[in-house]
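Notes follow the structure.
Keep in mind it's a predicted model, so treat the numbers as computed, not measured. Reminder, nothing fancy here: chain letters follow the sequence lines and each chain counts from 1. Worth knowing before you read on, the calculation uses all heavy atoms, side chains too, and leaves out hydrogens, waters and symmetry mates.
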Amino acid sequence: DTGVSQDPRHKITKRGQNVTFRCDPISEHNRLYWYRQTLGQGPEFLTYFQNEAQLEKSRLLSDRFSAERPKGSFSTLEIQRTEQGDSAMYLCASSFGGAGELFFGEGSRLTVL
Amino acid sequence: SQQGEEDPQALSIQEGENATMNCSYKTSINNLQWYRQNSGRGLVHLILIRSNEREKHSGRLRVTLDTSKKSSSLLITASRAADTASYFCATDAFSSGYALNFGKGTSLLVTP
């Protein structure tokens, strides 16, 4: 399967713990996006990379959130000192260039107890 | 922040009927896209319409765009139970580096 893959698919953690999600985009795609989606809402933009450069960050991305894309391939999204409000589906998407179709992974669902 | 707003929030129809969903947005856009999401899954791209286009078709899908009213509509003709999903419009804008901003979605239920 050459689509966007995300790992883990589900993560349950206790408040205050750190969690990390990984996204492997479609190999030839140079753009990678992170979104967060809560129940009944649309995806909210968090950040995106073009190759290894993080070009845009939402105000939603507090200093507890950090994303990296070393070498312009896979990306990680880390949430430090998790809070119950961080419970959501974290979606990764990739594209070739901007202003076009995004290809989404199946998401990583986070539950903070 | 979410740029687009879909209407209605929920829609229930029977197989064979047409489903129409509307989307309004606030700022000038480069293009508008529609995505579909089955429960608990990722989003799947359906169709993209550029700001200089007024109508586009893809199979049973028809999308219109009215930039003067900052609105778009998605029509699904001859709906099937398998069309049951949430549908989102998404817009990009220079101000956000062309990252897509999604609306809250329309939840479509198609009953046999």
Query raised in the report: Could you give the distance from CD (A:Q37) to CZ (B:F102), rounded to the nearest 0.5 Å?
Result: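 Going from the CD atom of A:Q37 to the CZ atom of B:F102 covers 9.0 Å.
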Query raised in the report: Distance from A:E106 atom CD to B:L43 atom CG, nearest 0.5 Å?
Result: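 Result: 10.0 Å between the selected atoms.
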For a 4.5 angstrom cut-off between non-hydrogen side-chain atoms, does [X] reach [Y]?
X      : Y      : value
A:Y35  : B:L100 : yes
A:Q41  : B:F88  : no
A:L102 : B:Y35  : yes
A:F45  : B:N101 : yes

Query - In one Ile/Leu/Val/Met/Phe/Trp/Tyr side-chain cluster, 4.5 Å: A:F74, A:L46 - result: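 As far as the 4.5 Å side-chain criterion goes, A:L46 and A:F74 are not connected within one cluster.
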Query - Shared hydrophobic cluster for B:L11 and B:Y87 (ILVMFWY, side-chain gaps under 4.5 Å) - result: yes
For atom [atom1] of [X], is the number of surrounding heavy atoms from other residues, nucleotides or ligands below 6.0 Å larger than 12?
X     : atom1 : result
B:K56 : NZ    : yes
A:L39 : CG    : no
A:E78 : CD    : yes
A:E68 : CD    : no
A:L55 : CG    : yes

Requested in this report: Would you mind checking which part of A:Q6 comes under 4.5 Å of any heavy atom in chain B, side chain (CB onward), backbone (N, CA, C, O), both or neither?
Outcome: neither
Report task. Give, as side chain, backbone, both or neither, the part of B:Q37 having an atom under 4.5 angstrom from any heavy atom of chain A. Result ->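 Contact with chain A is through the side chain of B:Q37 alone.
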**Report entry** Side chain A:E56, main chain B:A99, donor-acceptor under 3.5 Å
**Finding:** no
